[in-house]
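Report on one structure; see the data block that follows.
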Amino acid sequence: SQQGEEDPQALSIQEGENATMNCSYKTSINNLQWYRQNSGRGLVHLILIRSNEREKHSGRLRVTLDTSKKSSSLLITASRAADTASYFCATAVMYYGNNRLAFGKGNQVVVIP
Amino acid sequence: NAGVTQTPKFQVLKTGQSMTLQCAQDMNHEYMSWYRQDPGMGLRLIHYSVGAGITDQGEVPNGYNVSRSTTEDFPLRLLSAAPSQTSVYFCASSFLETQYFGPGTRLLVL
């Protein structure tokens, strides 16, 4: 079943602004991951946050996780036109030593130059 | 490394035809999976494999078969295509926590 539900579904911002996306889920997880998909391409892993972590940074990305509220947020700072893409959250449960992922429906982000 | 490769990139089928979507990875990953992506639905897991000879069903397995005879290859078979299987199909492999996706196969069933 679909785990992650992103909010908002579509976002349009000016270059240089920050973009924030939220994701909610329903069951216990091992970790939560964010992926980016450029138009017509496969998904690319961006960042992972474990269930015992509250915040993580990677370059211009900041992700938070609130397990009590079963929610996560992804912040992209100082957005660029190249950040235009769809962003998916995926919740992970461990299975045979690997993560079995359940994806949300995605957030479409358009960064206007 | 080529990573995860998928063939074909695009395919048109008639209802009732069969075909196999190919997926290969050269990273020696044990875990591989197939997803379908439909507008507004995100990615849904079809089948997955935790190693050669071991496969299991995901969220939407009906109408699809898989097998895993080698670590490298994980083909997805449609035995009798239906219009509802029109979608973009992604294969992924993973080591521990991160999944690596192929470029996708766009399938149209008429």
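We name chains A, B, ... by the order of the sequence lines, and we start the count at 1 in each one.
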Item checked: Reported CD-to-CG distance for the pair Glu53(A) and Leu32(A), which is rounded to 0.5 angstrom ->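 Reported to 0.5 Å precision, the distance equals 11.5 Å.
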
Check: Can you tell me how far NZ of Lys56(A) sits from CD1 of Ile49(A), rounded to the nearest 0.5 angstrom?
Finding: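 So the gap between those two atoms works out to 7.0 Å.
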
Notebook entry, point to check: Does any heavy atom of chain B fall under 4.5 Å from the side chain of Leu48(A), the backbone, both, or neither of them?
Noted result: side chain

Notebook entry, point to check: Quick one: what part of Arg50(A) sits under 4.5 Å from any heavy atom of chain B, side chain, backbone, both or neither?
Noted result: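 When you check distances to chain B, only side chain atoms of Arg50(A) fall under 4.5 Å.
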
Check: Going by distance alone, is a donor N or O of one side chain under 3.5 Å from an acceptor N or O of the other, for Gln33(A) and Gln99(B)?
Finding: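 No, Gln99(B) and Gln33(A) have no side-chain donor paired with an acceptor closer than 3.5 Å.
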
By a 4.5 Å heavy-atom criterion (distance strictly below it), what part of [X] contacts chain A: side chain, backbone, both, or neither?
{"X": "Gln6(B)", "answer": "neither"}
{"X": "Tyr35(B)", "answer": "side chain"}
{"X": "Asp38(B)", "answer": "neither"}

Note to self: Please rank Gly42(A), Ala92(A), Ser86(A) by heavy-atom pairs under 4.5 Å with chain B and give me the top one.
What the structure shows: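 Of the options given, most contacts go to Gly42(A).
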
Next item on the list: Measure across Met27(B) and Gln25(B) and return the closest heavy-atom pair with its distance rounded to 0.1 Å.
Entry: N-OE1, 3.0 Å

Notebook entry, point to check: Out of curiosity, does Leu46(A) fall in the hydrophobic cluster containing Tyr25(A) (side-chain heavy atoms, cut-off under 4.5 Å, transitive links)?
Noted result: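 Shared cluster, yes.
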
